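One structure is given below, encoded as structure tokens.
Note that the structure is a prediction, hence the values are computed from the model and not measured.
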Amino acid sequence: MSTSPTQEILRQVFGYESFRGPQQAIVEHVLAGGDALVLMPTGGGKSLCYQVPAIARQRLGLGTSIVVSPLISLMHDQVGALHEAGVEAAYLNSSLDADEAMQVERRLLRGELTLLYAAPERLTTPRFLALLDTLDQRGQLALFAIDEAHCVSQWGHDFRPEYRLLTVLHERYAHVPRMALTATADALTRADIVERLQLEGAQHFISSFDRPNIRYTIVEKKDGLVQLLRFIEREHPQEAGIVYCQSRRRVEEVAQALCKAGLTALPYHAGLDSAIRQTHQNRFLREEGLVMVATIAFGMGIDRPDVRFVAHLDMPKNIEGYYQETGRAGRDGAPADAWMVYGLQDVINQRRMIDESPADESFKQAMRGKLEALLALAEATDCRRVRLLGYFGEQYQAPGAGEACGNCDNCLQPPGVRDATELARKLLSCIYRVQQASGLSFGAGHILDILRGKASDKVMQHGHMGLSTFGIAASHSESELRAVLRQLIALGAVAVDGQAFNTLHLTAGSRDVLKGGVQVNLRESVAAAGSGRARRRAPTASAAAAQLDAQAQIRFINLKAWRAEVASQHNLPAYLIFHDATLAAIAQSAPQSLDALSGISGLGAKKLQAYGAEVLRVVAC
């Protein structure tokens with residue numbers, strides 16, 4: 001049976017026998033000159049969707065493909081991986097000095113490059129556009145691939161204004177096919193991508209957003225750091241993970257605390273020197289068992305396949321951000337955890353940032369809606385995966401009977417739910433009575449003290465013990481009241497004034513709750529996440545090698561040691577040399593010849609030529 005040119009490239013260059021999911025349809029569409037919008041989850045193989053047609057179009061004499069990429073480290077790793085596969089690729093970014101950049105430009109103009117990576121800021125400069133004009137005049141401009149395309153949208157979770165300037169690609173080179181790729185975009189963001197990049201005629205390829213190997217767990221924040229340590233110790237000791245925090249200060253504190261607890265942890269945030277950030281990122285990509293504690297400044301383009309958990313100590317802004325960040329776990333398809341704690345202060349902070357932003361009201365309203373959707377996911381009592389996929393317009397297809405995934409906390413430990421509308425009314429009434437009595441507004445702690453009948457110094461000082469709402473919720477815990485207040489803030493029934501010490505105020509939406517037009521449901525607490533649950537596997541064993549027998553395990557360990565040496569020599573993460581799955585397959589089959597080795601998935605012609613003899617030597621040891 002004959003194979004298509006793109007299938008031959010996939011096998012010969014990348015060492016894979018077949019495309020996954022919609023990859024082939026995307027590749028063939030772009031190869032034929034069509035525009036495309038590609039939504040594919042992290043780990044779904046987006047890079048191949050532009051790399052394969054880029055190679056195919058170059059072989060047809062159509063020239064170089066330009067990849068727009070937002071991060072230097074991502075460009076470095078992508079180009080390094082392509083070199084390992086025998087593809088001529090380069091990047092132009094600020095890590096190159098003038099002479100190095102000039103050499104890349106000369107190679108580009110000589111037609112020696114199949115792919116060139118560049119940041120959006122550089123691509124839109126007069127010098128770079130002049131290079132593109134020259135290529136275009138020669139008929140040597142093959143394709144534009146815009147990676148992390150959600151950055152172009154103001155509705156997306158990582159908006160970058162420089163992406164807006166990429167409209168120049170359509171205006172200047174309308175005949176050159178363009179593809180926009182992202183792992184995360186709801187319907188609003190997709191529409192914005194299409195409009196901003198002028199991709200109205202593009203074919204949409206939307207893969208399933210489901211990551212069935214990721215277990216979603218969201219718990220109420222009590223002592224976030226203690227909960228995090230318990231989670232890591234019980235579930236993922238000595239395994240690679242990412243912990244997200246909202247502030248730089250919190251990142252530093254958590255990294256230090258994890259180190260004191262005996263873990264290897266590093267901080268990453270925009271306030272660190274760029275050289276330190278790069279060193280920490282390189283260590284994370286190369287060392288086993290390292291935990292990176294970071295703000296959302298870290299992670300885009302992180303392709304490490306064996307990240308076993310992503311933890312959020314603070315609530316993200318929206319579901320897109322949550323999905324994008326959790327998607328960095330388990331790219332190898334093995335079991336992984338997405339774990340988050342959230343509390344009242346998280347909701348207050350996010351709501352305040354929206355309300356106090358200088359954006360127009362329509363933007364604020366959209367952001368409030370996104371926050372409400374995330375809180376609904378956090379407070380949900382039904383399957384989290386069903387809700388998460390539903391947000392992106394996808395109906396969950398359960399592999400067996402029923403409509404639940406069986407791999408989220410709500411499926412594994414179903415919580416109870418009860419109507420807390422009456423309690424919500426008491427809370428709203430208390431805010432009203434306090435302001436009516438003193439003409440002043442107060443924060444959550446003071447309001448909850450009054451409701452619970454706690455005669456604090458502040459309560460007595462303002463004479464609030466005499467209010468009709470004093471002690472009317474004495475039978476309810478502070479945690480319960482905070483949960484209700486979270487709901488009211490997210491619903492817009494209570495406003496938080498960040499300019500006045502986070503004081504609480506009623507809104508127009510308060511009336512709907514007070515009059516019974518809106519019901520407030522309260523999620524009952526369940527046992528702490530992970531309690532009583534055994535770890536899925538030994539922490540030091542590779543998921544890819546878990547099923548190997550004793551002799552194959554030895555071969556696998558030897559192959560990993562050899563791979564580490566090669567990766568160090570090439571200044572690349574080890575997985576860019578060979579994935580664990582490829583090493584496990586080699587260890588399992590124990591090939592004795594290059595012909596036998598050539599059938600292993602992930603081993604293309606260039607790697608077979610470069611490493612085949614050494615791999616056989618290691619296997620024979």
Measure across [X] and [Y] and return the closest heavy-atom pair with its distance rounded to 0.1 Å.
X      : Y      : answer
Leu344 : Ala444 : CD2-CB, 4.0 Å
Asn213 : Gly330 : ND2-O, 2.9 Å
Arg452 : Glu478 : NE-N, 3.6 Å
Cys408 : Cys383 : SG-CA, 4.1 Å
Ala420 : Leu522 : CB-CB, 3.7 Å
Arg331 : Gly327 : CG-O, 4.0 Å

Short N-O contact, [X] and [Y], less than 4.0 angstrom:
X      : Y      : answer
Arg230 : Asp223 : no
Lys560 : Glu288 : yes
Asp306 : Arg308 : no

Checking the side chain of [X] only, and the main-chain atoms of [Y] only, is there a donor and an acceptor separated by less than 3.5 Å?
X      : Y      : value
Gln23  : Leu48  : no
Arg482 : Leu448 : no
Asp314 : Gln246 : yes

Under the rule for salt bridge (charged side-chain N to carboxylate O under 4.0 Å, His left out), what residues qualify as partners of [X], not counting sequence neighbours?
X      : answer
Asp147 : none
Asp355 : Arg351, Arg368
Lys426 : none
Arg286 : none

Using distance alone, with no hydrogens and no angle criterion, decide if [X] and [Y] have a side-chain donor and acceptor under 3.5 Å apart.
X      : Y      : value
Glu287 : Thr264 : no
Asn349 : Gln345 : yes
Arg328 : Tyr244 : yes
His150 : Glu320 : no

Does any non-hydrogen side-chain atom of [Y] lie less than 4.5 Å from one of [X]?
X      : Y      : result
Ile296 : Pro316 : no
Asp337 : Phe231 : yes
Asp332 : His579 : no
Cys245 : Val293 : yes
Gln324 : Glu148 : yes
Pro415 : Asn410 : yes
Leu313 : Leu228 : yes
Glu422 : Arg425 : yes

Residues two or more places apart in sequence or in another chain: which of them pass side chain to side chain donor-acceptor pair (under 3.5 Å) with [X]?
X      : value
Asp419 : Thr421
Ser207 : none
Gln51  : Gln78, Tyr117
His29  : Gln203

Please tabulate, one pair per line, all N/O donor-acceptor pairs under 3.5 Å involving side-chain atoms of residues 14-21, not counting sequence neighbours.
unit_1: Arg20; atom_1: NH2; unit_2: Gly43; atom_2: O; d: 3.4

Working to the nearest 0.5 angstrom, can you tell me the gap between [X] [atom1] and [Y] [atom2]?
X      : Y      : atom1 : atom2 : value
Leu181 : Met40  : CG    : CE    : 8.0 Å
Leu266 : Met292 : CG    : CE    : 5.5 Å
Leu389 : Tyr396 : CG    : OH    : 8.0 Å
Leu485 : Leu504 : CG    : CG    : 5.5 Å
Ser208 : Leu39  : OG    : CG    : 11.5 Å

| said: Run the side chain to side chain contact (heavy atoms under 4.5 Å, CB included) test against Glu379 and tell me which residues pass, sequence neighbours left out. | reply: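 Glu379 satisfies side chain to side chain contact (heavy atoms under 4.5 Å, CB included) with Tyr342, Leu375, Arg486, Gln487, Arg523 only.
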| said: Could you work out, with side chain to side chain contact (heavy atoms under 4.5 Å, CB included) as the rule, every residue matching Leu576, not counting sequence neighbours? | reply: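 By the side chain to side chain contact (heavy atoms under 4.5 Å, CB included) rule, Leu576 matches Asp77, Ala81, Leu572, Pro573.
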| said: Tell me whether the rings of His312 and Tyr322 are parallel (<30°), tilted (30 to 60°) or perpendicular (>60°). | reply: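 Judged by the thresholds at 30° and 60°, the geometry between His312 and Tyr322 is tilted.
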| field | Pair listing, salt bridge (charged side-chain N to carboxylate O under 4.0 Å, His left out) test, anchored in residues 179-191, at least two apart | value |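 Qualifying pairs, neighbours excluded: Asp186-Lys370.
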| request: Would you check if the distance from the ring center of Tyr391 to the ring center of Tyr323 is below 6.0 Å? | output: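 Between Tyr323 and Tyr391, which both carry aromatic rings, the centre distance is not below 6.0 Å.
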| query | Ring centroid separation for Tyr268 and His280, is it under 6.0 angstrom? | reply |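 Judged by ring-centre distance (under 6.0 Å), Tyr268 and His280 do not meet the cut-off.
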| task | Test the Arg196-Tyr163 pair against the cation-pi criterion, namely NZ or CZ under 6.0 angstrom from the six-membered ring centroid and within 45° of the ring axis. | result |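 No - Arg196 does not lie over the ring of Tyr163 by the 6.0 Å and 45° rule.
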